[in-house]
Protein chains: 2
Amino acid sequence: MVPIITAFESSPDGGQGLARDMRVRWALEEVGQPYDVRLVSFEAMKQPAHLALHPFGQIPTFEDGDLALFESGSIVFHIAQHHAGLLPEEPNARARAINWLFAALNTVEPPIVELEQSRYMVGGRPWYGDLRAVLEDRVRCRLDQLARRLGDAEWLDGGAFSAGDLMMVMVLRRLDGMGIREDYSNLSAYVASGEARPAYRRAFAAQKAVAASARSQGL
Amino acid sequence: MVPIITAFESSPDGGQGLARDMRVRWALEEVGQPYDVRLVSFEAMKQPAHLALHPFGQIPTFEDGDLALFESGSIVFHIAQHHAGLLPEEPNARARAINWLFAALNTVEPPIVELEQSRYMVGGRPWYGDLRAVLEDRVRCRLDQLARRLGDAEWLDGGAFSAGDLMMVMVLRRLDGMGIREDYSNLSAYVASGEARPAYRRAFAAQKAVAASARSQGL
C-alpha cells in the first residue's frame with residue numbers, strides 16, 4: 001500500500017502545477033515515495049465523503065494506512081519528517097527549515113493569494129483596479145524583504161534544499177504571469193532552481209498528464 | 001539561560017492579547033518553560049539588528065542559545081516538539097494535531113487577517129463597504145466549515161488540547177469585536193475553553209502588563 005493523495009479531476013490552472021497537490025507530489029518525488037492519486041470533481045469536493053477527509057472541501061488530502069491529513073503544509077511536513085532528504089538532520093538547521101515552511105505559508109503566501117483571488121472575488125467591480133494596486137504593493141513589500149534575505153544564496157537557509165524551499169518556491173510560483181516576480185532577479189533564479197530539480201519535473205509532468213486527460217475527456 | 005522572545009514595546013491592540021507574541025507566551029506557559037521578553041519599538045523593528053532576526057520585520061522572534069526562529073507557527077511548533085503537553089505522543093494523533101496547526105495558519109487565519117487589514121488598507125475608500133461584505137462572506141464560509149467539523153467536541157481532534165487548538169483559538173480570537181464569531185455558539189465555546197486555561201491566563205496577564213506599562217510611559 002502506498003499513500004493516496006487527492007487532486008482536482010480538472011484543475012482550474014489547466015496543468016500549470018499551481019494547484020496544491022503539486023506541493024505534495026513534489027515532496028513525494030523528492031523522497032522517492034511512490035503514491036496513488038484519487039481525482040475528485042468540484043461536485044465531489046462538496047460531498048460528505050470528501051468533507052470527512054477535508055473539512056474545508058479542498059485538495060489535496062493524504063491517506064496512509066490509518067492516517068488522514070488534509071493541509072498541504074502539514075502533508076509536506078509529514079513526508080519530510082518520515083523520509084530523509086527534505087529536512088536537515090542537525091537540530092537547529094532542521095528548526096530553521098521548518099521555520100521557512102511556516103513563513104512561506106503564513107507570511108508570504110497570504111498576500112499573494114489575496115492578489116490572485118481579488119480578480120475572482122471582485123474583478124468586475126469599478127474599483128477593482130484601486131484595490132489591486134494596494135494588494136500588489138503589499139506583495140512587493142514581502143518580496144522586497146524575502147529577496148533581501150535570500151541575497152545570492154541558492155536556498156533560503158544557505159545550505160541544502162529543504163521542505164521550506166519547496167514550499168517557498170511553490171508559493172512564489174503562484175505569481176506566474178503577473179509580471180511581479182520578474183522584477184526580482186534572485187527570486188526568479190530561486191524559483192528556476194526549484195523547477196529544475198528532477199523531482200519537481202516528475203511531479204509537474206504527473207499533474208500535467210491529469211490535466212491533458214481531463215481536456216481530452218471534455219472535463 | 002531561558003529563551004528570549006520579542007514583543008511590541010507598545011502593542012497596537014493595547015493589551016488585548018491579539019499580537020502574535022501571545023501565541024508563543026501561551027505555548028511557553030502550557031509547557032512550563034520560563035522565558036524572557038525583549039520589547040521592540042516600531043522603529044527598531046525596521047532596523048538591521050531586528051531584520052537579521054526577522055526578515056519580515058515583525059514580532060515575535062525566539063532565541064534559544066544558538067537557535068533563532070521568527071515565525072509564530074514554527075516557534076509554537078518548536079516549543080511543542082521539545083516539551084511534553086502540546087502534542088500527543090501517538091504518531092497519528094500527533095500528525096493530526098500538527099495538521100490543525102497548519103490549518104489554523106494557512107486556511108483559517110488568512111481570510112480573517114484580510115478582513116481585519118482591509119480597514120487599515122482601504123477603510124477610507126468609498127467602496128470599502130462593498131469589499132468588506134465580500135471578505136466577511138469568505139470568513140463566514142470558513143467558520144461554517146470549521147464549526148461543522150468541531151461539532152460538540154471540546155477540542156479539534158476530539159482528544160486533548162494541542163498546539164493545533166492553541167493556534168486555532170488565537171486565530172479565532174482575531175475576530176473579537178467584529179460580531180461574526182458570536183453567530184457560532186460552538187466556536188465561541190471553543191475560544192472560551194482556550195481562554196479559561198490557566199496557561200492562557202498567565203500569558204494574557206503578562207502581555208497586558210506590558211501594554212499597561214507602555215501606556216504609563218506615554219508610548
Side-chain angles (χ1 to χ4, degrees), chain A residues 51-52 54-58 62 64-78 81-82 91-93 95-111 113-114 117-118 121-122 125-128 130-131 134-135 137-138 141-142 145-146 148-150 156 164, chain B residues 51-52 54-58 62 64-78 81-82 91-93 95-111 113-114 117-118 121-122 125-128 130-131 134-135 137-138 141-142 145-146 148-150 156 164:
Chain A
L51 289 171
H54 196 315
F56 302 104
Q58 300 180 326
F62 174 90
D64 192 7
D66 290 338
L67 177 65
L69 299 174
F70 65 83
E71 189 83 13
S72 65
S74 86
I75 299 170
V76 167
F77 174 70
H78 180 79
Q81 253 206 330
H82 288 83
N92 284 1
R96 288 194 303 270
I98 295 169
N99 195 127
W100 282 113
L101 174 62
F102 279 98
L105 293 168
N106 198 232
T107 294
V108 181
E109 183 170 38
V113 167
E114 211 47 37
Q117 290 290 308
S118 65
M121 288 195 308
V122 296
R125 315 280 172 113
W127 40 267
Y128 170 58
D130 287 359
L131 175 65
V134 172
L135 296 176
D137 278 352
R138 203 169 43 156
C141 170
R142 284 282 172 264
Q145 294 166 319
L146 184 65
R148 208 173 298 132
R149 171 56 67 101
L150 178 64
L156 280 167
Chain B
L51 289 171
H54 197 315
F56 302 105
Q58 300 179 327
F62 174 92
D64 191 8
D66 291 339
L67 177 64
L69 300 174
F70 64 84
E71 189 83 14
S72 65
S74 86
I75 298 170
V76 167
F77 174 70
H78 180 79
Q81 254 206 328
H82 288 82
N92 284 1
R96 288 193 303 269
I98 295 169
N99 196 130
W100 282 113
L101 175 62
F102 279 99
L105 293 168
N106 198 231
T107 294
V108 180
E109 182 170 41
V113 168
E114 211 47 38
Q117 291 290 306
S118 65
M121 289 194 308
V122 296
R125 316 278 173 113
W127 41 267
Y128 169 58
D130 287 358
L131 174 65
V134 173
L135 297 177
D137 277 353
R138 204 169 42 155
C141 170
R142 283 282 171 266
Q145 294 166 319
L146 184 65
R148 208 173 299 133
R149 170 55 67 104
L150 178 63
L156 280 167

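Computed from a predicted model, the values in this text were never measured in an experiment.
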With chain A, the option among B:Arg148, B:Arg96, B:Arg142 that has the most non-hydrogen atom pairs under 4.5 Å is B:Arg142
Structural part of [X] lying under 4.5 Å from a heavy atom of chain B:
{"X": "A:Val108", "value": "side chain"}
{"X": "A:Arg138", "value": "side chain"}
{"X": "A:Ala93", "value": "neither"}
{"X": "A:Leu135", "value": "side chain"}

When heavy-atom pairs shorter than 4.5 Å are enumerated against chain B, which of [options] gives the highest number?
{"options": "A:Asp64, A:Val134, A:Val113", "value": "A:Val134"}
{"options": "A:Asn99, A:Leu105, A:Asn92", "value": "A:Asn99"}
{"options": "A:Pro111, A:Ser118, A:Ala103", "value": "A:Ala103"}

Minimal heavy-atom distance between A:His78 and B:Ala95, with the atoms involved, is ND1-CB, 3.9 Å
Distance col, row B:Met121:CE vs A:Glu114:CD, nearest 0.5 angstrom, shows 7.0 Å
Taken to the nearest 0.5 Å, the spacing of B:Arg125 CZ from A:Leu131 CG works out to 8.5 Å
Would you call the rings of B:Trp127 and A:Trp127 parallel, tilted or perpendicular if under 30° counts as parallel and over 60° as perpendicular?
parallel
Which of B:Ile98, B:Leu101, B:Asn106 passes side chain to side chain contact (heavy atoms under 4.5 Å, CB included) with A:Glu71? It is B:Asn106
Sorted by chain and residue number, the side-chain contact (heavy atoms from CB on, under 4.5 Å) partners of A:Pro55 (sequence neighbours excluded) come out as A:Phe70, B:Trp100, B:Arg149
